[in-house]
Amino acid sequence: MPLRIYNTKSRNKEDFQPLNPPRVAMYVCGITAYDYCHLGHARASVVFDVIYRYLKFKGYEVRYVRNFTDIDDKIIRRAQERGQDWKQVAEFFIQAFLEDMRALGNLPPGDEPRATEFIAEMQAIIAKLVEKGIAYPAKGDVFYSVRKFPTYGELAQKNLEELEAGARVEVQEAKKDPLDFALWKAAKPGEPEWASPWGQGRPGWHIECSAMSTKLLGPSLDIHGGGRDLIFPHHENERAQSEGAYDKPFVKYWLHNGFVNLNADKMSKSTGNFLTIRDVLVQYPHEAIRYFLLSAHYRSPLDFNEGNMKEALAAVDRVYQTLQRLEECGPGRDGAGPESAWSSVEDFPAAFEDAMDDDFNSAQVLGVCFELVREINKFLDAGPSASHLEKYRAEVKNALARVGACLGLFAQPPQAYFEARRRFTLSQGALSEAEILQKIAERKEARRNKDFKMSDRIRDELAAQGILLEDKPDGTTTWKAK
RNA sequence: GGCCAGGUAGCCAAGUGGUAAGGCAGAGGUCUGCAAAACCUCUACACGGGGGUUCGAUUCCCCCCCUGGCCUCCA
């Protein structure tokens, strides 16, 4: 089955056929570096990380570029608030973003260019547009003349009349048409500026992506992605710029991820309705966050709340619990275990690929994973022989390697996962590990004396601290993070 | 107002022209001193409303309702 991708441009799923196979040129709009990133950014980054990984898994040579906007109004404003240089502000939040990306388990893109490194390229495109009569300078600004681009609005499925009617754009006298947008902005006192054929100034927002994508990937991209909110005007404008300048189709497949909602509303910096990635990383293991972000289809809205996150954490725990059991389980008497356990693991690769081929349906993949988890448990319940056990372990490992490679989930050794969970709990709780072990020893003593009242009390006290005791069949007791 | 998404069991969430994955919760069981945890099993007359097409629609078409988004910076 071929990979099918939903293309925002056609509003349909289409077979994926790269322009120059096996190469795939993929450009994703990154962040404006003026603040810490929130979960919405996390979703976009994880979604496109998974797409990147899966394309590579399918054998494509993917060139993945994700930019940083390091010059813009908000950065300048933030710099003024902090009494810092705009460059310092941008660099600080770029580094913070990169930390967040690592923490979330995302692979780094091949290139992460900064807009200000491409001023010359932007100016070249602007000059070309001016030369072609598509853009016009006006009092030190340069505007793109939207009506000169016949298919303007096609991506967002908007026509100019509608846009005009709904326009909330401030009237700017220099603009010939209210829908025109800035390619170059004349310098204002106290703001960063660069020399240009139109005077001192700085670039408009949209032009940077046209410049960076063209320079690094060429004038025609296979995939261009970003959040749904970028469809209009950002991506519409990029299209207008690039196609206006180069007369070539800019992008073959436009991909847009859905929002993360908080309290049922879009998470957004400007409204203050957001949680930063770091806010959430101190509360939950990164893999639970990743799981949560991939538990719905990437185009669907996703509602963040404590209940959903706890479910995600429980789900990830369940998988690792089973993987740990699989690793640690000793052989039984004999037998191969149930047939369904074998077929489940054998069918897994195809089921995985079917789901991912259908517009990167990670939620379906997770469903398939849990079916496998149940079968693994059934298999272990059956007490299979050593040779069968060994073979089964290898097959499971092989099957789940896909999920690790493409979704970045379930790839840790289970012991490491639970150890990290314990450390996490220790870092948040009042008790040290030594104290917990001391309590466990006290409880063991109480149990030996059949003082169950005491032993239960110790257990309850620990439970109140988020610490779960597990009495193993061999008489030992271990603890887990709740 | 225009445009775009989406409305699936208590909650989250896949999916399909021929009566619908998975997770959480719930019930029972195994285990246990008892619990917890873990595992197994089970459960739920779930497809917003109304028309239409069809032998048959939750799945296609139309209308309506509701939610969210975009139309201004935004992943």
Side-chain angles (χ1 to χ4, degrees), chain A residues 8 11 28-32 34 37-48 66 69 72-74 153 156-159 161-170 179 205 225-234 236 256-261 264-271 274 291-292 295-297 299-303 305 307-308 310-319 321-322 324-325 351 355 358 361-374 376-378 380-382 447 450-453 455-456 459-460 462-463 468-473 477-480 482:
Chain A
T8 304
R11 313 275 162 168
V28 175
C29 286
I31 57 150
T32 298
Y34 76 106
C37 288
H38 60 63
L39 267 187
H41 301 104
R43 183 177 196 191
S45 71
V46 168
V47 161
F48 286 101
R66 182 179 58 207
T69 298
D72 131 301
D73 291 345
K74 289 191 291 267
Q157 293 196 181
K158 292 174 186 299
N159 62 53
E161 286 62 43
E162 286 164 1
L163 284 170
E164 193 122 88
R168 283 182 270 164
V169 184
E170 271 178 67
L179 295 179
W205 174 37
R228 226 184 196 37
D229 44 1
L230 295 182
I231 297 172
F232 194 90
H234 186 51
E236 193 69 61
H256 296 94
N257 63 277
F259 296 128
V260 178
N261 292 145
D265 287 320
K266 176 187 170 184
M267 211 176 266
S268 167
K269 273 287 160 56
S270 49
T271 59
F274 67 92
Y291 177 97
F292 166 71
S295 65
H297 185 92
R299 284 186 282 115
S300 304
L302 188 57
D303 200 50
N305 59 55
N308 288 348
K310 286 201 162 144
E311 274 189 21
L313 180 56
V316 176
D317 276 353
R318 175 164 150 85
V319 173
Q321 186 72 37
T322 294
Q324 183 167 41
R325 188 176 173 220
D358 185 13
N361 195 335
S362 56
Q364 189 167 80
V365 169
L366 296 177
V368 177
C369 287
F370 282 100
E371 286 173 38
L372 177 62
V373 161
R374 193 173 54 234
I376 294 171
N377 279 312
K378 273 198 224 174
L380 296 175
D381 284 351
R447 291 179 76 202
K450 302 248 186 280
D451 184 357
F452 296 121
K453 213 169 177 177
S455 73
D456 289 352
R459 186 174 59 200
D460 293 344
L462 288 173
L468 288 182
L469 298 188
E470 289 185 16
D471 295 330
K472 300 282 177 173
T477 297
T478 58
W479 72 275
K480 257 179 57 174
K482 194 193 267 180

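Lettering of chains follows the sequences in order, A, B, ..., and the numbering in each one begins at 1. Computed from a predicted structure; not experimentally measured.
Base pairing analysis places C42(B) opposite G26(B); the two distances defining the Watson-Crick or G-U wobble pair are each below 3.5 Å. Of the nucleotides present, G69(B) is the one that pairs with C3(B) by Watson-Crick or G-U wobble criteria, both distances under 3.5 Å. When Watson-Crick and G-U wobble pairs are counted only if both distances are under 3.5 Å, G56(B) pairs with no nucleotide at all.
Comparing A13(B), A38(B), G33(B) against the side chain of Ala296(A) picks out A13(B) as the nearest. Residue Lys158(A) has its side chain nearest to C70(B) when only C40(B), C70(B), C4(B) are considered.
When heavy atoms are screened at a 4.0 angstrom cut-off, Val47(A) is found touching no nucleic acid atom at all. Ser300(A) comes within contact range of the sugar-phosphate backbone alone, with a heavy-atom separation under 4.0 Å but no base atom that close. Residue contacts for Ser270(A): at a heavy-atom cut-off of 4.0 Å it reaches a base atom on one of the strands shown. Residue Phe259(A) is in base contact, counting any heavy-atom pair closer than 4.0 Å across all strands shown. Note on Gly258(A): a base of the nucleic acid sits closer than 4.0 angstrom, heavy atoms only. Using a 4.0 Å heavy-atom cutoff across all strands shown, Gly40(A) reaches at least one base atom of the nucleic acid. Within the nucleic acid shown, Asn257(A) comes within 4.0 Å of at least one base atom, counting heavy atoms only. Residue contacts shown for Arg228(A) are limited to sugar-phosphate atoms, with no base heavy atom under 4.0 Å away. Nucleic acid contact for Leu39(A): none, since no nucleic acid atom lies under 4.0 Å from a heavy atom of the residue.
Contact annotation: Lys266(A) side-chain N/O to C70(B) OP1/OP2 distance is under 4.0 Å. Distances shown here put every side-chain N or O of Lys310(A) at or beyond 4.0 Å from the OP1 or OP2 atom of C11(B). Distances shown here put every side-chain N or O of Asn261(A) at or beyond 4.0 Å from the OP1 or OP2 atom of G68(B).
Atom name C1', nucleotides G68(B) and U32(B): the rounded distance is 49 Å, in whole Å. Only the P atoms considered, A20(B) is 12 Å distant from A44(B), to the nearest whole Å. The gap from the C1' atom of G69(B) to that of A27(B) amounts to 41 Å, rounded to the nearest Å. Separation of the C1' atoms belonging to C45(B) and U8(B) is 15 Å when rounded to the nearest angstrom. A gap of 47 Å separates the C1' atoms of G51(B) and C40(B), to the nearest Å. Atom name P, nucleotides C4(B) and C62(B): the rounded distance is 11 Å, in whole Å. A36(B) sits 11 Å from G28(B) when the P atoms are compared, rounded to a whole Å.
Counting to the nearest Å, the P atom of A75(B) and the CZ atom of Phe232(A) are 17 Å from each other. To the nearest angstrom, C1' of C40(B) lies 6 Å from CG of Asp381(A). Going from atom CG of Leu462(A) over to atom P of A37(B) covers 15 Å, rounded to whole Å. Following rounding to the nearest Å, Gln324(A) (CD) and A37(B) (C1') show an atom-to-atom distance of 12 Å. Protein atom CG of Leu468(A) is 11 Å distant from nucleotide atom C1' of A38(B), rounded to whole Å. Whole-Å rounding puts the Asp229(A) CG to G68(B) P distance at 17 Å.
Checked by atom type and distance alone, the side chain of Asn377(A) never pairs as donor or acceptor with a backbone atom of Thr322(A) at under 3.5 Å.
Nearest approach of Asn261(A) to Asp303(A), heavy atoms of both residues: CB-OD1, 3.3 Å.
Comparing Ile31(A) and Asn305(A) by the nucleotide of RNA chain B whose heavy atom lies nearest to each, the residue mapping closer to the 5' end is Asn305(A). Both Lys269(A) and Asn377(A) sit near RNA chain B, but only Asn377(A) has its closest nucleotide nearer the 5' end.
Scored by the side-chain hydrogen bond (donor to acceptor under 3.5 Å, both in side chains) test, Ser295(A) finds no partners at all (sequence neighbours excluded). Partners of Asp265(A) by side-chain hydrogen bond (donor to acceptor under 3.5 Å, both in side chains), not counting sequence neighbours: none found. Listed by chain and number, the residues in a ring-ring contact (aromatic ring centres under 6.0 Å, His included) with His297(A) amount to none (sequence neighbours excluded). Annotation: side-chain hydrogen bond (donor to acceptor under 3.5 Å, both in side chains) contacts of Asn159(A) (sequence neighbours excluded): Glu162(A).
The pair Lys480(A)-Asp317(A) fails the salt-bridge criterion, with no side-chain N (NZ, NE, NH1 or NH2) lying under 4.0 Å from an Asp/Glu carboxylate O.
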Checklist outcome for this item: With B for base contact, S for sugar-phosphate-only contact and - for none (protein heavy atoms under 4.0 Å), nucleotides 15-32 of chain B reads S-----BSBB--------
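Within a 6.0 Å radius of NZ in Lys310(A), no more than 12 heavy atoms belonging to other residues, nucleotides or ligands are found.
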Under 3.5 Å, sequence neighbours excluded: what are the donor-acceptor pairs made by side chains of residues 361-371 of chain A?
{"from": "Asn361(A)", "atom 1": "OD1", "to": "Ala363(A)", "atom 2": "N", "distance (Å)": "3.4"}
{"from": "Asn361(A)", "atom 1": "OD1", "to": "Gln364(A)", "atom 2": "N", "distance (Å)": "3.1"}
{"from": "Ser362(A)", "atom 1": "OG", "to": "Leu294(A)", "atom 2": "O", "distance (Å)": "2.8"}

